[in-house]
Amino acid sequence: SQQGEEDPQALSIQEGENATMNCSYKTSINNLQWYRQNSGRGLVHLILIRSNEREKHSGRLRVTLDTSKKSSSLLITASRAADTASYFCATVNTGFQKLVFGTGTRLLVSP
Amino acid sequence: GAVVSQHPSWVICKSGTSVKIECRSLDFQATTMFWYRQFPKQSLMLMATSNEGSKATYEQGVEKDKFLINHASLTLSTLTVTSAHPEDSSFYICSARSGGVNEKLFFGSGTQLSVL
């Protein structure tokens, strides 16, 4: 099962630009997490934001959460070619323990 | 950070055979492990959730007799694809969590299964 959708599906930018990815979900959540996946590899956890939080920062990453709109955004500032990857949001729904992923955004950062 | 080891990284097998994939948490006790399946350029689809010492909880549409999951210890979970067919070819990824729902997951590097 999939919880929600991300947009854009694909994003192509130049190094130094900011990248913004959006995630929408359907049910009430305990928390929302963002992961990164390089091609054909496992996933790396980027950041977790709890349902009672509105914004979190980690290095060049900024995540917002709007539970009233059931949406989240991931901002990568001053992007680098090494940021090229697929980015997924995932939610832990209230009352459950499983982590359900969104559809993902493929980010390409050109030098 | 915590490490989850998944083996094998890739496997090619004949149709009708069974394949076992192992997922180990190397430096923490994984109370909960999750198995996901991913087709090319698609998202991760949760197959099942397993808690140590109890039966796995399968997602709707996932055949529990085809995808056998065992979580016999706090550091090891296995997924066995029984009587594999070409449509089972996919990328399988395990993940593990040491605590409650507000803890992050650590992922294995995945297993690419190709069934001929």
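Side-chain atoms are counted along with the backbone in the values below, which use heavy atoms only and exclude waters and symmetry mates. Numbered from 1 within each chain, the chains take letters A, B, ... in sequence-line order.
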Residues in residues 83-94 of chain B that sit under 4.5 Å from chain A, counting heavy atoms only: B:Phe91, B:Ile93
More than 12 heavy atoms from other groups under 6.0 Å of NZ on B:Lys66: yes
Contact summary for A:Tyr35 and B:Leu105, nearest pair of heavy atoms: OH-N, 3.1 Å
Contact summary for A:Arg106 and B:Lys41, nearest pair of heavy atoms: NH1-O, 4.3 Å
Heavy-atom proximity to chain B below 4.5 Å, by part of A:Arg41: backbone
Qualifying salt bridge (Lys or Arg N to Asp or Glu O under 4.0 Å) pairs with a residue from residues 57-71 of chain A, counting only residues at least two apart or across chains: A:Glu55-A:Arg62, A:Arg60-A:Asp83
Region of A:Glu6 that comes under 4.5 Å of a non-hydrogen atom in chain B: neither
Pairwise distance OG(B:Ser95) to CG(A:Leu99) - rounded to 0.5 angstrom: 7.0 Å
Greater than 12 external heavy atoms within 6.0 Å of A:Arg80's CZ: no
Qualifying residues under side-chain contact (heavy atoms from CB on, under 4.5 Å), relative to B:Gln29, sequence neighbours excluded: B:Leu74
B:Met33-B:Leu46 co-clustered via ILVMFWY side chain contacts under 4.5 Å: no
Sequence-distant partners of B:Arg24, salt bridge (Lys or Arg N to Asp or Glu O under 4.0 Å), two or more places apart: B:Glu22
B:Thr49 to A:Lys98 - nearest heavy-atom pair and separation: OG1-CB, 3.9 Å
ILVMFWY network linking A:Ile49 to A:Ile47, side-chain heavy atoms under 4.5 angstrom: yes
Co-membership, hydrophobic cluster, residues B:Tyr36 and B:Val81, 4.5 Å side-chain: no
Hydrophobic cluster identity match, B:Leu113 and B:Leu68, side-chain contacts under 4.5 Å: no
Interatomic distance, B:Gln38 atom CD to A:Phe88 atom CZ [nearest 0.5 angstrom]: 5.0 Å
